[in-house]
2 protein chains.
Amino acid sequence: MTAVSTDFAQALRDAGLRVTQQRMIVMSVLMESEDHPNADELFARTKAIDGSVSFATVYRTLAALEEAGLIRKLSFEHEPARFEVTPAAEHDHLVDVDTGEVIEIESEEIERLRRELVERLGYEIISHNTLIRARKKPRS
Amino acid sequence: MTAVSTDFAQALRDAGLRVTQQRMIVMSVLMESEDHPNADELFARTKAIDGSVSFATVYRTLAALEEAGLIRKLSFEHEPARFEVTPAAEHDHLVDVDTGEVIEIESEEIERLRRELVERLGYEIISHNTLIRARKKPRS
DNA sequence: TTAGTTGCAAATGTTTTGCACGTTG
DNA sequence: CAACGTGCAAAACATTTGCAACTAA
């Protein structure tokens, strides 16, 4: 029982969810992913570890974990949703339109300005999701 | 032939697209929409003007107009894509999670910071899309 | 024991597409 | 008239769900 898997189990319990083998696997697969996998990819990686996990369970687990705030769903255009473990600090996503690569970018100042702006409108941010489509500048 | 419809026709021609009645109707419907309609809603509003326009054409027109940069597709979560005419100034979208209302918010400073940050990474922004899920603060 | 979870397959909802016909340039 | 666009219905695609079997608490 590693520290990490204990954390997963505890996080599930805290969320009022049962600790099942399937959820543990999906969580650990997502946690260990450096990229931002979609449900298909998570299913493939999960199946490689435990062939009995079904596609439906991957989706249901993702929905449950998102609901619990443990993971985040990213909506990209023209492609299925991707997922990431909820980051400690908010960050935006830059997609290289030529390579498809996703880069996380972070700015405390932008975040602060955004929060202030939203508060001035009388709202409180629950979550936000910024997608920047960009292209690498030619290095002169 | 009004100035507005001429602009639509010209915009289509400039994009290398044929000026068809269907495209003109879809464009004008979207242009006159104060909200951010989805394909379903656009189809309904379009059909009210010309009953012969098909659902497929609405989708194909939206794809063509987006490709041409004339309109923008917004990906929300747990609901079909919405559309808006490409705004003169970039703006973000705030969704009131309780009412579903979509509010456009704009900040030149955030935009500037974001552009600078992205440029520092060697990229050039093509487009961006920010979705903020928020809840109205109780007025004390 | 029993409420929550799962696997399977079927269903759902959105968006796309093949094809024959119509229209634009 | 040639290329492009359209309508229709069927297909594709991502995601969700009903149900009977299973399992965590």
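Computed over heavy atoms, backbone and side chain alike; hydrogens, waters and symmetry mates excluded. First the proteins, then the strands, lettered A, B, ... as listed; each starts at 1.
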Closer than 3.5 angstrom, by distance alone: can the side chain of A:Thr130 be matched with the main-chain N or O of A:Asp92 as a donor-acceptor pair?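 Not at all, since once roles are kept as given, no pair shorter than 3.5 Å links the two residues.
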
I'd like to know if the side chain of B:Arg23 reaches the main chain of B:Arg18, judged simply by a donor and an acceptor atom lying under 3.5 Å from each other, with no hydrogens or angles considered.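 Yes, the answer is positive, given that a donor and an acceptor are paired below the 3.5 Å cut-off.
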
Of the listed nucleotides [options], the one nearest the side chain of [X]:
X: A:Val53; options: D:dC8, D:dT6, C:dG7; value: C:dG7
X: B:Ser52; options: D:dT6, C:dT5, D:dG7; value: D:dG7
X: B:Arg18; options: D:dT15, C:dT15, C:dT23; value: C:dT23

Over how many whole Å does the gap from A:Glu77 atom CD to C:dT14 atom C1' extend?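 Going from A:Glu77 (CD) to C:dT14 (C1'), I get 15 Å.
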
For B:Gln21 and C:dG25, give me the distance from atom CD to atom C1', rounded to whole Å.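 Rounded to the whole Å, the gap is 16 Å.
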
Categorize [X] for me: base, sugar-phosphate, or nothing, with a 4.0 angstrom heavy-atom threshold over every strand shown.
X: B:Arg60; value: base
X: B:Ala64; value: nothing
X: B:Ala81; value: sugar-phosphate

Do any side-chain nitrogens or oxygens of [X] fall under 4.0 Å of OP1 or OP2 in [N]?
X: A:Gln22; N: D:dT23; result: no
X: A:Tyr59; N: D:dT16; result: no
X: A:Thr20; N: C:dG4; result: no
X: B:Arg23; N: D:dG5; result: yes
X: A:Thr57; N: C:dG7; result: yes

Are A:Arg112 and A:Glu116 within salt-bridge range, i.e. N to O under 4.0 Å?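 Yes, charged N to carboxylate O under 4.0 Å.
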
Would you mind checking if B:Arg135 and B:Asp96 are paired as a salt bridge, meaning a charged N to carboxylate O distance below 4.0 Å?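 No, this pair does not count.
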
With nearest nucleotides of DNA chain D determined for B:Leu17 and B:His78 from heavy-atom distances, which residue corresponds to the more 5′ nucleotide?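 This one resolves to B:Leu17.
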
